[in-house]
Amino acid sequence: MNPVAQVFGVSLWLGVVSFGGGLAIVPEMHRQFVESNGWLTSVEFADGYALAQLAPGPNMLAVVFYGYRAAGLLAALLAPIAIVTPGATLSALCGRAWERLAANVWIARFRRGLVPVGLGLMAGGVFVVGRTTITSWPLLLIAAVVAVVVSIKRVHPAIAVILAGAAGVAFHL
Amino acid sequence: MSVTEAPKPPSLSAIFKVFLAIGLTAFGGGASAHIHDAVVHRKRWLDEKRFLEGMTVARIVPGTNVSNLAAFVGAILAGYRGALVAVLGVVVPGLIAVLLLAVAYARFAEHSRYIQLGLHGLTAGAVGIMASLVATAAKPVLRSPAGMLFALAAFVGVGVFELNMLLVLVVLLPLTSYVARKSETTP
């Protein structure tokens with residue numbers, strides 16, 4: 001099959017199963033782009049995720065980077081469309097018909113049930129990216145400092161990531 | 001509860017402009033708060049209750065919260081075309097930015113030792129930000145032993161064993177929704 005079509009299909013799949021938010025989809029993205037299809041190395045995957053932090057908008061736009069590495073410009077443009085469309089379509093439908101849906105108690109249960117699963121998936125995302133990128137103690141220190149500073153001081157995430165990059169250059173990590 | 005609806009629905013270009021401004025400026029996952037500020041407070045297009053419904057929908061439907069919320073709000077304001085322009089507004093600026101970074105990466109990253117060193121620090125920083133997001137999401141779960149168990153199961157499934165995510169969801173979501181039903185008597 002045409003590689004662009006393959007990337008599109010995988011991205012559409014990611015859009016359908018991505019319950020729990022942007023970070024929750026990272027393990028499945030890794031599995032698809034790195035493990036199953038071999039379009040990227042683990043290092044490229046982590047680099048792409050980090051670079052996406054420098055851009056505005058949702059983090060899953062890392063898929064633009066992955067699509068580009070996998071099959072070029074067209075795949076880079078189609079992948080985010082495919083990943084956004086299923087959820088956006090459902091949300092728009094809900095916007096038109098929410099009154100009826102809101103009365104369904106199972107929707108409320110599903111929403112609360114999704115919280116712990118989403119947490120586990122997000123933690124999986126940190127693990128999948130961290131495993132290939134945190135290769136030394138100083139890098140672990142940087143990650144820990146960024147986590148604490150961003151949580152407590154409300155530092156802009158893009159600035160924290162750029163400073164972390166500068167530290168990498170300055171200290172030859 | 002809806003006492004007054006907006007008198008006149010906004011035009012498609014007005015919706016696009018508001019969401020484009022959010023798409024250009026929302027870094028690091030804070031876009032839902034920006035949408036809230038713009039749509040409920042500044043423009044008064046939606047009331048608080050309707051917006052919170054949108055937040056709920058954006059979370060339970062697959063996909064990222066930001067684009068889902070944009071689609072929900074856009075659809076209420078101007079139907080499916082409203083949803084389309086709102087989603088394009090929040091996604092396109094970041095899409096172009098990531099594309100430029102991907103092209104630059106392909107051209108320069110493999111040849112420069114300094115860029116590689118920078119990327120090492122950059123990815124460590126990204127992992128730190130991801131960890132802070134997990135810490136925030138963990139707070140409501142830590143109160144419930146069942147919730148922690150489900151979170152651990154999901155983590156081990158996708159993180160350690162790299163299982164197909166659909167498999168993990170199909171097994172866990174019915175169980176966890178059922179447990180949520182049992183806890184309904186307690187506030």
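Numbers restart at 1 for each chain; the letters A, B, ... are given by sequence-line order, proteins then strands. All values reported here derive from a predicted model rather than from experimental measurement.
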When [options] are compared by non-hydrogen pairs under 4.5 Å with chain B, the top option:
options                              : answer
A/Ser18, A/Gly124, A/Ala50           : A/Ser18
A/Ser91, A/Gly125, A/Ala164          : A/Ser91
A/Thr135, A/Val126, A/Ile152         : A/Val126
A/Gly168, A/Gly120, A/Ala144         : A/Gly120
A/Thr133, A/Leu61, A/Leu141, A/Val17 : A/Leu61
A/Gly165, A/Gly87, A/Ala123, A/Pro86 : A/Gly165

Is [X] in contact with chain A via its backbone, its side chain, both, or neither, using a 4.5 Å heavy-atom distance?
X        : value
B/Val134 : both
B/Val98  : both
B/Val103 : both
B/Tyr80  : side chain
B/Ala83  : side chain
B/Ala135 : neither
B/Ile96  : neither
B/Val73  : neither

Should [X] and [Y] be counted in the same cluster of Ile, Leu, Val, Met, Phe, Trp and Tyr side chains packed under 4.5 Å apart?
X        : Y        : value
A/Val148 : A/Leu140 : no
B/Met148 : A/Val117 : yes
B/Val160 : A/Ile134 : yes
B/Val57  : B/Leu84  : yes
B/Leu163 : B/Leu149 : no

Please classify the contact between [X] and chain B as side chain, backbone, both or neither, with a heavy-atom cut-off of under 4.5 Å.
X        : result
A/Ala167 : neither
A/Tyr68  : side chain
A/Leu51  : both
A/Val128 : side chain
A/Leu14  : neither
A/Ala92  : both
A/Ala24  : backbone
A/Glu44  : both

Would you call [X] and [Y] a side-chain contact if the rule is heavy atoms closer than 4.5 Å?
X        : Y        : answer
A/Leu54  : B/Leu122 : yes
B/Leu169 : A/Leu121 : yes
A/Arg109 : B/Tyr178 : no
B/Leu99  : A/Leu77  : yes

Out of [options], return the one with the most heavy atom pairs under 4.5 angstrom to chain A.
options                               : answer
B/Asn65, B/Asn164, B/Leu77            : B/Asn164
B/Leu69, B/Leu88, B/Leu166, B/Val127  : B/Val127
B/Ala109, B/Pro62, B/Ala154, B/Ala106 : B/Pro62
B/Leu175, B/Asn68, B/Leu117           : B/Leu117
B/Leu172, B/Val90, B/Leu24, B/Leu173  : B/Leu173

Subject >> Working for side chain to side chain contact (heavy atoms under 4.5 Å, CB included), residues A/His30 and B/Glu162 >> reply: CA-CA 9 Å; A/His30 185 271; B/Glu162 304 195 28; 4.1 Å; yes

Closest approach of [X] and [Y], non-hydrogen atoms and distance?
X        : Y        : value
B/Ile76  : A/Gly95  : CG1-O, 3.5 Å
B/Val61  : A/Leu90  : CG1-CB, 3.7 Å
B/Ala124 : A/Ile142 : CB-CG2, 4.0 Å
B/Leu95  : A/Pro80  : CD1-CG, 3.6 Å
A/Pro116 : B/Gly147 : CB-O, 3.2 Å
B/Thr176 : A/Gly113 : OG1-O, 2.9 Å

Gap between atom [atom2] of [Y] and atom [atom1] of [X] - 0.5 Å precision:
X        : Y        : atom1 : atom2 : result
A/Leu119 : B/Leu133 : CG    : CG    : 11.0 Å
B/Met130 : A/Phe127 : CE    : CZ    : 12.0 Å
B/Thr123 : A/Tyr49  : OG1   : OH    : 12.5 Å
A/Leu23  : B/Thr64  : CG    : OG1   : 12.0 Å
B/Arg59  : A/Arg112 : CZ    : CZ    : 14.0 Å
B/Leu101 : A/Gln53  : CG    : CD    : 11.5 Å

**OP:** Using modelled atom types only, decide if a donor and an acceptor are shared between the side chain of B/Ser132 and the backbone of A/Ala147 within a distance under 3.5 Å.
**Re:** no

**OP:** Before giving the answer on side chain to side chain contact (heavy atoms under 4.5 Å, CB included), spell out for A/Ile25 and B/Met165 the whole-Å C-alpha distance, their side-chain angles and the decisive distance to 0.1 Å.
**Re:** CA-CA 8 Å; A/Ile25 194 61; B/Met165 185 160 149; 4.0 Å; yes

Original post:
Which residue, A/Ile83, A/Val84, A/Ile81, forms the side chain to side chain contact (heavy atoms under 4.5 Å, CB included) with B/Val91?
Top reply: A/Val84

